[in-house]
Amino acid sequence: MAASKSVGKLVSHVIVDLDGTLLNTDSVANQILKSFLAKLGKKWDSKSAHRIVGRTPLEAAAAVVEDYQLPYSKEEFLSMITPLFADQWCNIRPLPGANRLIKHLRSNGVSMALASNSPKSNIEAKISCHNGWKDSFSAIVGGDEVEKGKPSPDIFLEAARRMNTEPSSCLVIEDSIAGVTAGKAAGMEVIAVPSIPKQVDKFSSASEVVNSLLDLQPEKWGLPPFEDWIEGTLPIEPWYIGGPVIKGFGRGSKVLGIPTANLSAESFSDILLEHTSGVYFGWAALSTRGVYKMVMSIGWNPYFDNTEKTIEPWLLHEFPEDFYGEELRLAIVGYIRPEANFPSLESLIARIHEDGRIAEKALDLPLYAAYRDSPYLTNPLPESNS
Ligand code: ADP
Ligand code: RBF
Ligand code: MG
């Protein structure tokens with residue numbers, strides 16, 4: 001949830017972290033560590049993933065060696081996995097909203113720096129895989145260019161110096177606690193975009209905590225506002241997901257009066273890692289019935305505090321019966337808001353209905369309506385009702 005304190009100081013420069021903030025490094029790191037540990041007969045526990053977020057490579061290696069009692073020194077382990085990471089650099093995808101943020105600041109002439117604990121050569125290799133990124137930063141500072149990495153402020157102070165500005169004119173965007181600590185110690189405003197779910201309280205020293213880059217409001221910091229929101233919705237690069245409808249928590253209709261046709265979270269764990277939690281909308285196709293408007297949440301449903309990240313699509317249509325087991329295909333085309341907690345069940349229900357009205361209306365805009373005819377939705381389906 002976009003928990004914000006009062007509006008911060010006005011800034012003119014932005015310094016962003018790379019791994020976990022602009023790039024979904026954790027998703028690739030998870031895959032690499034999982035298969036490496038499997039070869040040693042050990043099972044990677046994604047819950048220990050928080051031990052590596054925002055650390056220097058050597059600190060992260062030390063944490064894994066310790067957690068899994070590996071028969072290597074941290075240096076040996078690091079030298080074994082480093083080549084595995086280097087092979088995957090161009091497979092690390094931008095996080096939702098990263099491209100949008102970079103383009104926005106660049107086209108508005110806001111100076112931007114990149115500040116990462118990774119060595120400079122790694123940073124340059126990683127960003128070279130993404131069009132237009134390198135030229136958008138007026139300074140790039142790597143962990144090997146300063147004495148101490150985050151949580152020490154050095155990296156951020158050096159970034160400000162290279163942009164010829166004062167630390168107090170800089171806004172830092174960071175996903176890790178070490179990074180937030182570093183930014184604050186540098187005397188900067190810091191927006192936290194936590195990579196680890198459900199840890200918002202640990203980021204209380206940040207000036208503001210947002211759920212994802214999609215939720216940034218640059219105007220709060222005296223920077224140019226995003227102008228791409230349309231009628232309460234944010235167009236996104238569409239993504240597609242589908243499968244048989246499975247049993248959910250059994251409370252959609254019962255507790256909320258809002259049925260949600262769940263897809264298997266296990267089958268889509270990679271897709272779920274890639275997409276930040278929040279409320280989205282789009283089109284839903286049922287193989288034997290047709291294509292319908294749809295609004296959904298992805299995440300841990302803060303009101304119920306689930307331990308599992310789930311997809312909860314509500315089709316905006318009255319059906320005469322359940323359709324468990326039927327093939328459901330979704331084209332997700334826009335974003336509405338972060339998931340939130342609510343003081344009462346009534347207020348959660350009211351907000352979901354409001355989301356439904358927003359989606360219903362937005363999906364008539366040509367921009368979103370066009371995806372109703374996506375081949376992914378219509379190909380194997382009869383061209384029927386709606
Ligand atoms: P569960 O916890 O098993 O998902 P829900 O109470 O959320 O149970 O109900 C979801 C089921 O209701 C779906 O799997 C589907 O079969 C049925 N259903 C009926 N109408 C709708 C609708 N408009 N949107 C989504 N699911 C619906
Ligand atoms: N659950 C929450 O705890 N917080 C939310 O902000 C939230 N938003 C939702 C928005 C939509 C459009 C839908 C369909 C569901 C949302 N839910 C939210 C999920 C709801 O809690 C979920 O459907 C039930 O938990 C059923 O499993
Ligand atoms: Mg459900």
Side-chain angles (χ1 to χ4, degrees), residues 1-4 197-198 200 209-212 214-215 231-234 236 241-268 272 275-363 368 377 385-386:
M1 169 172 188
S4 63
K198 306 215 244 179
V200 173
V209 182
V210 296
N211 183 64
S212 80
L214 300 176
D215 305 308
E231 299 187 11
T233 69
L234 178 64
I236 57 170
I241 185 172
V245 174
I246 61 158
K247 285 263 176 197
F249 295 105
R251 67 173 171 239
S253 340
K254 277 192 208 92
V255 181
L256 302 170
I258 299 167
T260 53
N262 298 69
L263 294 171
S264 158
E266 247 165 74
S267 320
F268 301 111
L272 284 178
H275 292 279
T276 38
S277 62
V279 177
Y280 297 81
F281 65 95
W283 296 99
L286 281 165
S287 45
T288 61
R289 298 170 196 263
V291 181
Y292 308 93
K293 291 174 176 174
M294 180 277 306
V295 65
M296 66 183 224
S297 74
I298 306 180
W300 294 265
N301 301 343
Y303 184 83
F304 297 100
D305 196 22
N306 297 344
T307 54
E308 198 194 0
K309 191 177 186 183
T310 61
I311 317 169
E312 306 277 347
W314 178 30
L315 280 55
L316 300 171
H317 181 84
E318 291 277 339
F319 292 90
E321 74 257 316
D322 286 349
F323 41 84
Y324 289 111
E326 288 184 34
E327 172 84 3
L328 171 67
R329 297 198 176 181
L330 307 176
I332 295 126
V333 301
Y335 174 75
I336 299 179
R337 64 175 176 91
E339 278 197 309
N341 204 340
F342 289 86
S344 66
L345 194 60
E346 292 67 45
S347 53
L348 168 63
I349 293 169
R351 181 63 237 216
I352 298 176
H353 281 281
E354 169 74 12
D355 296 329
R357 283 189 294 273
I358 292 171
E360 177 89 49
K361 189 152 170 271
L363 285 163
Y368 296 124
L377 299 180
N385 62 65
S386 144

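What you see is a predicted model; the values in this text were computed from it and never measured. Just follow the structure's listing: the first ligand is 1, and inside any ligand the first atom is 1.
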Look at [atom] and say which protein heavy atom is nearest, naming residue and atom and giving the distance to 0.1 Å.
atom                    : answer
atom 2 (O) of ligand 1  : G250 N, 2.4 Å
atom 13 (C) of ligand 1 : A261 CA, 3.8 Å
atom 21 (O) of ligand 2 : F304 CE1, 3.2 Å
atom 25 (C) of ligand 1 : P259 O, 3.4 Å
atom 20 (C) of ligand 2 : L256 CD1, 3.7 Å
atom 1 (P) of ligand 1  : G248 N, 3.2 Å
atom 9 (O) of ligand 1  : S253 OG, 3.3 Å
atom 17 (C) of ligand 1 : D322 OD1, 3.5 Å
atom 4 (O) of ligand 1  : N262 OD1, 2.7 Å
atom 14 (C) of ligand 2 : E312 O, 3.6 Å
atom 25 (O) of ligand 2 : R251 NE, 2.9 Å
atom 8 (N) of ligand 2  : R337 NH2, 3.0 Å
atom 18 (C) of ligand 2 : L348 CD1, 3.8 Å
atom 3 (O) of ligand 2  : Y303 N, 2.8 Å
atom 23 (O) of ligand 2 : T260 CG2, 3.5 Å
atom 7 (O) of ligand 1  : T260 N, 3.0 Å

Any N/O of I246 closer than 3.5 Å to an N/O of ligand 1?
no
How close do [X] and [Y] get, counting heavy atoms only, and between which atoms?
X    : Y    : result
L315 : A284 : CG-CB, 3.8 Å
D215 : P338 : OD1-CD, 3.5 Å
P302 : N341 : O-ND2, 3.8 Å
G356 : L316 : O-CD1, 3.7 Å
L363 : G282 : CD1-O, 3.3 Å
R329 : L377 : O-CD2, 3.4 Å

Compare all side-chain heavy atoms of [X] with those of [Y] and state whether any distance is below 4.5 angstrom.
X    : Y    : answer
M296 : I332 : yes
N211 : R337 : no
P244 : E326 : no

After noting the C-alpha distance and the side-chain angles of E312 and T260, does the key distance pass the side chain to side chain donor-acceptor pair (under 3.5 Å) rule?
CA-CA 5 Å; E312 306 277 347; T260 53; 2.6 Å; yes
[X] heavy atoms, cut-off 4.0 Å: which ligand 2 atoms fall inside?
X    : answer
V279 : 8 (N), 10 (C), 12 (C)
E339 : 6 (O)
P302 : 2 (C), 3 (O), 4 (N)
F249 : 27 (O)
F342 : 5 (C), 6 (O)

Considering only heavy atoms of [X], which atoms of ligand 1 have at least one such atom less than 4.0 Å away?
X    : value
V245 : 14 (O)
K247 : 3 (O)
F249 : 2 (O)
H317 : 23 (N)

Considering I298, N301, I258 one by one, which has a heavy atom nearer to atom 2 (C) of ligand 2 than any of the others?
N301
Check each of F323, Y324, F319 against atom 18 (N) of ligand 1 and report the one with the nearest heavy atom.
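Minimum heavy-atom distance to atom 18 (N) of ligand 1 goes to F323.
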Between [atom1] on residue [X] and [atom2] on residue [Y], distance to nearest 0.5 Å:
X    : Y    : atom1 : atom2 : result
I358 : I336 : CD1   : CD1   : 5.0 Å
N306 : N301 : CG    : CG    : 4.5 Å
E339 : L348 : CD    : CG    : 9.5 Å
T276 : L214 : OG1   : CG    : 5.0 Å
I352 : F342 : CD1   : CZ    : 7.5 Å

For L315, which part has a heavy atom under 4.0 Å from ligand 1: side chain, backbone, both, or neither?
both
Round to 10° and report the angle made at the Mg ion (ligand 3) by OG1 of T260 and OD1 of N262.
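Centred on the Mg ion (ligand 3), the OG1/OD1 angle is 100° (to 10°).
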Does even one non-hydrogen atom of R251 get within less than 4.0 Å of ligand 1?
yes
Do we get R251 above F304's six-membered ring, with its NZ or CZ under 6.0 Å from the centre and within 45° of the axis?
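Ring-cation test returns yes.
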Given the ring of Y324, does K247 sit roughly above its face, with NZ or CZ under 6.0 Å from the centre of the six-membered ring and within 45° of the axis?
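Output yes; distance and angle both within limits.
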Which part of [X] is near ligand 2, with near meaning a heavy atom under 4.0 Å away: side chain, backbone, both or neither?
X    : value
V255 : neither
N306 : neither
I352 : side chain

With no hydrogens and no angle check, is any side-chain donor or acceptor of W314 less than 3.5 Å from a backbone partner on S297?
no
Does at least one non-hydrogen atom of [X] fall below 4.0 angstrom from an atom of ligand 2?
X    : value
W300 : no
R351 : no
V295 : yes
A340 : yes

Anything under 30° is parallel, anything over 60° is perpendicular, the rest tilted; go ahead and classify H317 against Y292.
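Ring orientation, 0 to 90° scale: tilted.
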Passing candidate, ring pair (Phe, Tyr, Trp, His ring centres under 6.0 Å) with Y368, options F281, Y280, W283
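Testing Y368 for a ring pair (Phe, Tyr, Trp, His ring centres under 6.0 Å) against F281, Y280, W283 leaves exactly one candidate, F281.
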Between R357 and E354, is a salt bridge (Lys or Arg N to Asp or Glu O under 4.0 Å) present by the stated rule, with each step listed?
CA-CA 5 Å; R357 283 189 294 273; E354 169 74 12; 3.0 Å; yes
